[in-house]
Amino acid sequence: METVKLRSHIGTDGILQIPMPADFKDTSVEVVVVVQPLSSEETKPQYNAWGKLTTKKSIQETIDRMRQLRQEVALDKTSIREMIEEGRRF
């Protein structure tokens with residue numbers, strides 16, 4: 001059994017479309033649907049500090065970039081020791 005949680009929109013035609021993972025192609029399944037209306041606050045798009053729309057993709061790209069920057073500016077233990085010694089001279 002797999003639980004899938006998603007947010008979707010029921011159109012004016014009253015039809016709810018539920019995209020399913022590729023694992024379930026050509027498969028019989030039992031489906032339980034719990035419908036919980038969202039408040040208007042929850043359905044508003046979210047924007048970051050620069051006014052760009054926040055999406056799962058943009059958040060993942062930001063996390064990946066932060067990891068990359070961490071590696072680029074990382075200092076090895078030798079460099080840290082040298083900095084400490086340099087600081088002691090003053």
Side-chain angles (χ1 to χ4, degrees):
M1 184 163 126
E2 184 172 332
T3 302
V4 178
K5 183 176 181 179
L6 58 95
R7 288 185 181 201
S8 190
H9 180 77
I10 300 174
T12 56
D13 55 5
I15 295 175
L16 171 65
Q17 294 186 7
I18 304 173
M20 296 302 297
D23 304 354
F24 294 107
K25 286 185 179 178
D26 195 31
T27 304
S28 296
V29 296
E30 181 177 313
V31 179
V32 176
V33 178
V34 177
V35 179
Q36 180 175 342
L38 299 175
S39 69
S40 61
E41 207 43 48
E42 291 179 283
T43 59
K44 289 182 182 176
Q46 300 292 315
Y47 297 91
N48 65 19
W50 296 271
K52 293 186 179 179
L53 185 62
T54 302
T55 62
K56 286 183 181 179
K57 181 180 176 185
S58 69
I59 292 169
Q60 188 59 51
E61 288 172 351
T62 301
I63 292 169
D64 293 342
R65 181 67 179 135
M66 289 171 62
R67 288 181 177 147
Q68 179 184 358
L69 287 171
R70 187 185 314 160
Q71 290 176 351
E72 289 176 10
V73 300
L75 300 172
D76 60 18
K77 292 180 181 179
T78 307
S79 297
I80 295 172
R81 285 189 190 111
E82 289 173 2
M83 288 180 184
I84 292 171
E85 290 302 318
E86 183 72 23
R88 286 182 182 158
R89 287 194 277 181
F90 292 101

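For clarity, every value in this text was computed on a predicted model and none was experimentally measured.
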Inset, instruction - Establish whether Leu6 and Ile10 are linked, either directly or via other cluster members, by ILVMFWY side-chain heavy-atom contacts under 4.5 Å. - result: yes
Legend entry - Note, Ile63 side chain near Ile59 side chain (heavy atom, < 4.5 Å): yes
Inset, instruction - Report, as yes or no, whether the 6.0 Å neighbourhood of atom CG on Asp26 holds more than 12 heavy atoms from other residues, nucleotides or ligands. - result: no
Legend entry - Single-linkage hydrophobic cluster Val33~Met20, side-chain heavy atoms < 4.5 angstrom: yes
Legend entry - Single-linkage hydrophobic cluster, 4.5 Å side-chain cutoff, Val31 and Ile15 together: no
Inset, instruction - Can you see which heavy atom on Tyr47 is nearest to which on Thr54, and at what distance? - result: C-OG1, 3.5 Å
Legend entry - Asp64-Gln68 side chain donor-acceptor pair, cut-off 3.5 Å: no
Legend entry - Candidates Met66, Arg67, Arg65, Gln71 - the one meeting side chain to side chain contact (heavy atoms under 4.5 Å, CB included) with Leu69: Arg65
Inset, instruction - To the nearest 0.5 angstrom, please state how far the NZ atom of Lys57 sits from the OG1 atom of Thr62. - result: 11.5 Å
Legend entry - Other residues, nucleotides, ligands: >12 heavy atoms within 6.0 Å of Gln17 CD: no
Inset, instruction - Taking all non-hydrogen atoms of both residues into account, name the closest pair between Leu16 and His9 and its distance. - result: CD1-O, 4.4 Å
